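Read the structure below first, then the notes.
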Amino acid sequence: QVQLVESGGGLVQAGGSLRLSCAASGRTFSSYFMGWFRQAPGKDREFVAAISRSGNTTYYKNSVKGRFTISRDNAKNTAYLQMNGLKPEDTAVYYCAAGRRFNVLVASTPNDYDDWGQGTQVTVSS
């Protein structure tokens with residue numbers, strides 16, 4: 001099991017940027033593929049972005065392609081989500097997640113992930 005702590009959320013105007021961080025502790029961070037999800041009030045949790053163990057493969061929700069960038073630093077046990085060009089519809093609680101299934105490179109469904117952080121609020125004003 002790995003413990004995940006998100007940070008970097010906040011209030012930003014439309015068009016602005018935020019960088020979320022996900023610090024991991026516990027088992028070897030580099031053995032996990034990582035993902036970011038979000039959940040807006042009254043809506044289901046949805047996939048945002050994922051990254052492979054090495055960082056060489058990434059995958060994004062269509063609506064964030066070109067605006068968001070997922071990355072990781074295995075030496076620092078941290079994953080990141082750089083969010084540019086934020087829109088009011090990006091407002092949500094953002095969660096990072098870690099998965100350890102050996103035959104999975106990246107994943108976009110919550111059930112593929114084993115450990116979750118507590119979430120960080122991102123609010124984009126119009």
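Keep in mind that this is a model prediction, so the values were computed, not measured.
Between the side chains of Asn111 and Thr109, no donor N or O sits under 3.5 Å from an acceptor N or O.
Expressed to the nearest 0.5 Å, how far OH of Tyr59 lies from CD1 of Ile70 amounts to 12.5 Å. Residue Arg72 holds its CZ atom at 9.5 Å from SG of Cys22, rounded to the nearest 0.5 Å. Here Leu81 contributes atom CG and Arg19 contributes atom CZ; the two are 10.0 Å apart, rounded to the nearest 0.5 Å. Ser126 contributes atom OG, which lies 9.5 Å from atom CD of Gln13 (distance to the nearest 0.5 angstrom). How far CZ of Arg38 is from CG of Asp44: 13.0 Å, rounded to the nearest 0.5 Å. Considering OG1 of Thr69 and OH of Tyr80, their distance stands at 14.0 Å, rounded to 0.5 Å.
Ring-plane geometry between Phe68 and Tyr94 is classed as tilted, the angle between the planes lying from 30 to 60 degrees on a 0 to 90 degree scale.
The two residues Ser30 and Asn74 come nearest to each other via the heavy atoms CB-ND2, 3.6 Å. Listed here is the closest heavy atom pair of Ser108 and Phe37: O-CE2, 3.6 Å. Shortest non-hydrogen contact noted between Thr78 and Ser21 is CG2-CB, 4.2 Å. Considering all non-hydrogen atoms of both residues, Gly99 and Arg53 come closest at O-NH2, 4.2 Å. Considering every non-hydrogen atom in both Gly117 and Tyr95, the closest pair reads O-CD2, 3.6 Å. Taking each heavy atom of Phe29 and Ala79 in turn, the nearest pair found is CZ-N, 3.8 Å.
Judged by distance alone, with hydrogens and angles left aside, the side-chain atoms of Glu6 form a donor-acceptor pair with the main-chain N or O of Gly119 at under 3.5 Å. Here the side chain of Asp114 pairs a donor or acceptor atom with the backbone of Arg100 at under 3.5 angstrom.
Taking the centre of each ring, Phe33 and Tyr113 come in below the 6.0 Å mark.
Proximity of Ser71 to Gln82: side-chain heavy atoms (C-beta onward) are nowhere separated by under 4.5 Å. Counting heavy atoms from C-beta outward, Ser17 and Met83 have side chains that stay 4.5 Å or more apart. Side chains of Leu18 and Leu86 form a contact here, defined as non-hydrogen atoms less than 4.5 Å apart. Within the 4.5 Å cutoff, side-chain heavy atoms of Thr91 are placed close to those of Gln121. Arg67 is listed as a side-chain neighbour of Lys87, based on a closest heavy-atom distance under 4.5 Å. Using a 4.5 Å cut-off on side-chain heavy atoms (C-beta onward), Val106 and Thr58 make no contact. Within the 4.5 Å cutoff, side-chain heavy atoms of Lys61 are placed close to those of Glu46. Under the 4.5 Å side-chain criterion, counting only non-hydrogen atoms from C-beta, Asp112 is in contact with Arg101.
Both Leu4 and Trp36 are part of a single hydrophobic cluster, where members link through side-chain heavy atoms under 4.5 Å apart. When the side chains of ILVMFWY residues are joined at heavy-atom separations under 4.5 Å, either directly or via intervening members, Val48 and Ile51 end up in a single hydrophobic cluster. Residues Val124 and Leu11 are members of separate hydrophobic clusters, defined by side-chain heavy-atom contacts under 4.5 angstrom among Ile, Leu, Val, Met, Phe, Trp and Tyr. Cluster membership check: Tyr60 does not share its hydrophobic cluster with Val104, using side-chain heavy-atom separations under 4.5 Å among Ile, Leu, Val, Met, Phe, Trp and Tyr. The hydrophobic clustering, which links ILVMFWY residues whose side-chain heavy atoms are closer than 4.5 Å, places Phe47 and Val122 apart.
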